[in-house]
Protein chains: 2
Amino acid sequence: MANHRKAETTRERIIESARSLFAENGYQKTTVMDISKAAGLSEAALYDHFRGKEDLLLTIPDLWVAELLEGLDEQMFGLQGAFVKLRKYLWWNLRRVEHSPLDAKLVYMFLKHNASFMDTEVYGNVKKLYAYLINIFEEGKASGEIKPDMDSYAARSIFIGTMDYMITRWLLKDMSYPLLESMEDVFELLVAAFASKEYLAAQDNWRKTRLASGAAQTGGEG
Amino acid sequence: MANHRKAETTRERIIESARSLFAENGYQKTTVMDISKAAGLSEAALYDHFRGKEDLLLTIPDLWVAELLEGLDEQMFGLQGAFVKLRKYLWWNLRRVEHSPLDAKLVYMFLKHNASFMDTEVYGNVKKLYAYLINIFEEGKASGEIKPDMDSYAARSIFIGTMDYMITRWLLKDMSYPLLESMEDVFELLVAAFASKEYLAAQDNWRKTRLASGAAQTGGEG
DNA sequence: CCTGCAGCCTAATGTCATTAAGTTGAAAGC
DNA sequence: GCTTTCAACTTAATGACATTAGGCTGCAGG
């Protein structure tokens, strides 16, 4: 399945052309001829590599999400603490989006809101991404960081919803501002939503201590 | 502009047909012939009433959002308290979605994630809907219900993101469960995210008092 | 040398959205 | 009452695309 020589190259060339054309002009306004021309092919030749235009639309995000998921495993390795992980989860997603906005655009603008999305292969990986969060929440409840009676699915709706919204908005606004801009504020509110009383109290305490003991620097890093 | 007799009826008949066909089969898969046939017309006649297929797509949500906004003003009248208003805001939106899911589908699945959405007329009304929230947050900060240092825009991202996510998910799942199902849990988490320490303490206190004084019923109403 | 077939190509073919160019029937002017 | 006008329709085009048909071509394996 991944053993052709030239075929591999042509296939990739098609994907590359489609990627930028879709992201730039949208799915509908991109014609098969545009794509095949950009890839240096005739229209018909494209059909030897893909079942059709829609197949092409689905292939690209498929690759992207698979990569995102794979990277996530690696990023999470060795981390401890629900909020440390949640933060990493959010930042990693956003970094991937910022790094390849063209693919992100396909996922967020065309795929995720498509009626047949839930029947695609990509959805399997997206479900895995979602499942990750439930684990983190449950772990946090067990460790006492998170409210013990919190509904993890409700929390996930908030987390994913917020993240998706910020990404979609950024893409709609043509990436005209840094994606991470207001993320720190947003994350802080999310922590407040999920955290147990004890965690919030400890956090508060720590802040006071640090303030009292000396130099209070501007940021909130660390 | 709105004074033809039969024309008005035909126009409405077209809108009605388009509404259900778009929502059922999606924008792309619905043909102009489908719509005009359903409205009892020839294809060409439709062009005497609308500039084209896309014009039709934009007209429907335009009406819906305008209505939503108008209703909101009325619903908000006389309410006091940031969280009372936020709750009403959320519930009113969801009720409208549940009441006319076909229109909601157009807004959430086709329009909001469309690159040219921000150039449409509908966007003007959507912005008004968003502005409402900022006012509520600011009011809450002034009254002490909400954290005084909260970034209202960050809060809005969370609120809107969550709401949109829950709606989109419900629509994608073909409205197969009650939209309001887990809303109570979600709203409670949102309150925790935004509320000031004092508000949370008071809320907590009230609960304890109620528990101590007698009958602890199941729900969380009131 | 054949054979098979992957990778291309140049036309069809078929499905739409959108226009062109007329009908028709009824209100408006005389 | 007769013509003019015009809105609301109609039946063909027209043109843009996606997708197929059917055929070359060059090279790997016998």
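No hydrogens, no waters, no symmetry mates; every other heavy atom, side chains included, goes into these values. Chain identifiers are assigned alphabetically (A, B, ...) following the order of the sequence lines, protein sequences preceding nucleic acid strands; residue numbering begins at 1 within each chain.
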For this session: Starting from P on D:dC17, measure out to OH on A:Tyr27 and report it in whole angstrom.
Result: 14 Å
For this session: Mind calculating the distance between NZ (B:Lys29) and P (C:dA17) to the nearest angstrom?
Result: 14 Å
Exercise. Using a cut-off of less than 4.0 Å, is there contact between a side-chain N or O of B:Thr10 and OP1 or OP2 of D:dA7?
Worked result: no
For this session: Please determine, by modelled atom types, if B:Tyr132 and B:Asp73 share a side-chain donor-acceptor pair under 3.5 angstrom.
Result: yes
Problem set entry | Residue whose closest nucleotide on DNA chain D lies nearer the 5' end, A:Met33 versus A:Ala44 | A:Met33
Problem set entry | Spacing of A:Leu41 atom CG relative to C:dT10 atom P, expressed in whole Å | 11 Å
Exercise. OP1, OP2 of D:dC9 versus side-chain N and O of B:His49: anything below 4.0 Å?
Worked result: yes
Exercise. Can you check whether A:Asp34's main-chain N or O pairs, donor with acceptor, with A:Thr31's side chain at less than 3.5 Å?
Worked result: yes
Problem set entry | Length of the CD-P vector between B:Glu43 and C:dC16, whole Å | 10 Å
Exercise. How about A:Phe22 and A:Phe110: are their ring centroids closer than 6.0 Å?
Worked result: no
Seminar exercise, completed: From CZ of A:Phe50 across to C1' of D:dT20 the rounded distance in Å is 19 Å
Which protein N or O atoms sit under 3.5 Å from an N or O of nucleotides 13-15 of chain C?
none

Exercise. Closest to the A:Tyr47 side chain: C:dA17, C:dT19, D:dT20?
Worked result: D:dT20
For this session: From the options D:dT11, C:dG7, C:dT18, select the nucleotide whose nearest atom is closest to the side chain of A:Asp48.
Result: C:dG7
Problem set entry | Residue closer to the 5' end of DNA chain D, A:Val32 versus B:Gly40 (nearest nucleotide) | B:Gly40
Problem set entry | Rounded distance in Å - CG (A:Asp34) to P (D:dA18) | 8 Å
Problem set entry | Aromatic A:Trp91 / basic A:Arg87 pairing, under 6.0 angstrom, 45° off normal | yes
Problem set entry | Whole-Å gap separating P (D:dC17) and CG (A:Asn25) | 12 Å
Problem set entry | B:Thr59 side, atom OG1; B:Glu121 side, atom CD - distance, nearest 0.5 Å | 8.5 Å
Exercise. Nearest to the side chain of A:Lys53, which nucleotide is it out of C:dC8, C:dA17, D:dT19?
Worked result: D:dT19
Seminar exercise, completed: Picking from D:dT19, C:dC8, D:dT11, the nucleotide nearest the side-chain atoms of B:Ser42 would be D:dT11
Problem set entry | Whole-Å distance separating the NZ atom of A:Lys37 from the P atom of D:dA16 | 13 Å
Problem set entry | Sugar-phosphate only, base, or nothing, as touched by B:Thr30 at under 4.0 Å among non-hydrogen atoms | sugar-phosphate
Exercise. Do side-chain atoms of A:Lys53 reach the backbone of A:Val32 as a donor and acceptor pair under 3.5 angstrom?
Worked result: no
Problem set entry | B:Glu181, CD: over 12 other non-hydrogen atoms inside 6.0 angstrom | yes
